[in-house]
Colleague: 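Before I ask anything, here is the structure I am working with.
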Protein chains: 2
Amino acid sequence: MPPGLKDVAARAGVSIKTVSNVVNGYVHVAPATRARVQAAIDALGYVPNIAARQLRSGRSGVIALAVPELQSPYFAEIAGLIVQAAERRSWTVLIDQTDGQAERERDLVEGLRRHAIDGLIFSPLALAGEELALRDGTPMVLLGERVWHGPADHVAIDNTAAAADATRHLTALGRRRIAAIGVQNRPSAVTAHQRLAGYRAALAEAGLPVDPALEIPAESFHRADGAAAMARLLDLDSRPDAVFCFNDLLALGAMRTLLSQGLSVPGDVAVIGFDDIEDGRFSTPTLSTVAPDAPRIAQLAVELLAERLGEGAAAAGAPRELRVDHRLVVRESTAG
Amino acid sequence: MPPGLKDVAARAGVSIKTVSNVVNGYVHVAPATRARVQAAIDALGYVPNIAARQLRSGRSGVIALAVPELQSPYFAEIAGLIVQAAERRSWTVLIDQTDGQAERERDLVEGLRRHAIDGLIFSPLALAGEELALRDGTPMVLLGERVWHGPADHVAIDNTAAAADATRHLTALGRRRIAAIGVQNRPSAVTAHQRLAGYRAALAEAGLPVDPALEIPAESFHRADGAAAMARLLDLDSRPDAVFCFNDLLALGAMRTLLSQGLSVPGDVAVIGFDDIEDGRFSTPTLSTVAPDAPRIAQLAVELLAERLGEGAAAAGAPRELRVDHRLVVRESTAG
DNA sequence: GAAGGACTATACAACGTTGCAGGACTTAAG
DNA sequence: CTTAAGTCCTGCAACGTTGTATAGTCCTTC
């Protein structure tokens, strides 16, 4: 029903291939012919059929982005930024939610969509290591720490250093009983492991003991988990005077528990989070946090993919691991 | 490079079409043949090529969802729900951010992707009315109030009634100077118009005057806009004792300004929002709001699209407009 | 014992596009 | 004047899939 090259060609009185050449900006087309073809294109409202183009060329112009969940502000922000970065290369981004389920992550890597996408930007939660190696030739960029050594590029901040920075900020304020919220034991929870490591390192640096009772696990990284974890901390004989939460949502949940118990933040307990989501800039009190350079993460992820998709040279190089900066953002929840 | 029907057929010693029949679950295939073909499929790791399938059938199995911005929790939630609903029909959702720019909305409706998607769920911000009529045969479902009378289905809550409910809640608490934040004059800002209408209706109902000084505009519906609008209200000679914000982000921003000025919520000023995003359940104080039945909106939108995509009958019916329920959620920001 | 139907499998064409090979013509170089 | 190079355009084949048409086999049923 919609017009194809054939219809345009008929109207302009040229061959199908010539129309194709005009559409693709091939140089050796006489200006007069080009104009005539263009007029026909405009008149008919011709739009190239992507499916046919892809079938022919193998490229779809679509990259997939797989994140655990869009509802989480951090991932929503990253997604938005990646869409913008991809747009500059006129790529379309197909966003997938894995809900952190291994099965869905696997489906994505192996599954139906394999032909439909040129590349994949993946923020794995459940899958770790070699399981991801299943993927065939399609280039993949992983967001987050390097969890395996297959042929995929990585873009991440230095989680351990960043967590240490956050914790060090608390020790510098003179806090002595500093809790951590967000510990996860699953082997694939690399991010949590590294933030825990950074936390412990900063404690050691300040000569403070590591107290297992202050390291609170969290099933997932949502406000409710943070609220529940804080409640557990308040049940302790001697409650902490500061908390480092492995992300901002946990921190917001923790603050909610503190404030609803009549405690003051940062008076009684200082709270610091991780991610610098917008919520933390408008909460009461505003939330101190560690801000990863999210725009840069997005930009680099897309660039790495573009290199892999580029012709020859860079396409086959060794997997790369790129570090992105982070910075400490001090707000009311830890400020004097 | 990846195996096709041809390769599977060769390995199983059958025709290409027979493999196709097995893949598509055609009934009249002898069990033995089916098993042999399936074995070949598994052995080769065959995955159907969607592009070819689409080229042949005209259907891509992809629907597009266009929202103003993913960063906004309400849209992120809707997007997540729609992805889930679409998954049950094994559709893939292509999420587009329009950033509320007319041009991007237009591109989407007319543009390149026209062939690539079977249907479109659209939450328009900048475009109104007949401009959307440009779209050819592709079915479209609009989220939000009916802004035109072209051939598209609509799914929305009754914004006017919901806004009146929120405002009525404030009058019932005995508040007399009730402000509104989020007024927009653009003709396409239908949602804002209707919430304003509901607000005014509830004031009238309570015998309160409409005071233009209390109707504060907002460029967009983000926390920063809410914070700025609240600051303007606090500059008034006599400040309001309650605020109805047209969404929760505005409300969170407004609360931030109030609390940072040392005012109490709801003691000095009661605040109510709209959307029931998660942030409001963990803010301090927790935020009263109007909760649209988002899961139902998502479900209906996908169902309507499915009907239009279905064979014959329902596909060509008159455009429908579906109402979804909402309910008032009272939390600390308005509770005694 | 013949006619009809259900079952099983195949071949061919087509979807809309682009790469390749090549033809016809023009201009520049020797 | 011949050859080479450049320009402009065209036809054919192929990408991987599925709908239609067809044909052979086997089982009913009268």
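Everything numeric in this text was worked out from a predicted model, so none of it was measured. Lettering of chains follows the sequences in order, A, B, ..., and the numbering in each one begins at 1.
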Colleague: Nearest nucleotide by nearest heavy atom, which residue falls closer to the 5' end of DNA chain D, B/L55 or A/T33?
Modeller: A/T33
Colleague: Check if the side chain of A/R56 and the base of C/dT18 share a donor-acceptor pair of N or O atoms closer than 3.5 Å.
Modeller: yes
Colleague: Would you find more than 12 non-hydrogen atoms of other residues, nucleotides or ligands less than 6.0 Å from B/R36 atom CZ?
Modeller: yes
Colleague: What integer distance in Å separates A/H28:NE2 from C/dA24:C1'?
Modeller: 16 Å
Colleague: With a 4.0 angstrom cut-off to heavy atoms of chain A, pull out the first and last contacting nucleotide of DNA chain D, in 5'-to-3' order.
Modeller: D/dT7 to D/dG16
Colleague: What nucleic acid atoms does A/N21 come within less than 4.0 Å of, heavy atoms only: base, sugar-phosphate, or nothing?
Modeller: base
Colleague: Does any non-hydrogen side-chain atom of A/I121 lie less than 4.5 Å from one of A/V155?
Modeller: no
Colleague: Can you check the A/I50 CD1 to C/dT18 P distance for me, whole Å?
Modeller: 11 Å
Colleague: Just grab all the ring pair (Phe, Tyr, Trp, His ring centres under 6.0 Å) pairs involving residues 58-87 of chain B, residues at least two apart or on different chains.
Modeller: none
Colleague: Hey, does the side chain of A/Y46 come within less than 4.0 Å of C/dT17's phosphate (OP1/OP2), counting only N and O?
Modeller: yes
Colleague: So, B/D153 and B/R308, do they make that salt bridge, N to O below 4.0 Å?
Modeller: yes
Colleague: Under a 3.5 Å threshold, yes or no: a donor from one side chain and an acceptor from the other, between A/S188 and A/R186?
Modeller: yes
Colleague: If I take atom CZ in residue B/R36 and atom C1' in nucleotide C/dA9, what distance separates them, rounded to the nearest angstrom?
Modeller: 11 Å
Colleague: Rounded off to whole Å, could you give me the OH-to-C1' distance for the B/Y26 and C/dC7 pair?
Modeller: 8 Å
Colleague: Considering only side-chain heavy atoms of B/S15, which listed nucleotide, C/dG19, C/dT10, C/dT8, is closest?
Modeller: C/dT10
Colleague: In whole Å, what is the span from the CG atom of A/L5 to the P atom of C/dG19?
Modeller: 12 Å
Colleague: Let me know the distance between CD1 of B/I16 and P of C/dA14, rounded to the nearest Å.
Modeller: 17 Å
Colleague: For a quick check of understanding: with a heavy-atom distance under 4.0 Å over all strands, which category does A/S20 fall into, base, sugar-phosphate or nothing?
Modeller: base
Colleague: Rounded to the nearest 0.5 Å, what separates atom NE2 in B/H28 from atom OG1 in B/T18?
Modeller: 13.5 Å
Colleague: Just wondering, do B/V141 and B/L120 contact through their side chains at under 4.5 Å, heavy atoms?
Modeller: no
Colleague: Closest-nucleotide mapping onto DNA chain C: is B/K17 or B/A52 further toward the 5' terminus? I mean the 5' end.
Modeller: B/K17
Colleague: Return whichever of B/G13 or B/S57 has its heavy-atom-nearest nucleotide of DNA chain C closer to the 5' end.
Modeller: B/G13
Colleague: According to a strict under-4.0 Å criterion, is B/T18 in side-chain N/O contact with OP1 or OP2 of C/dT10?
Modeller: yes
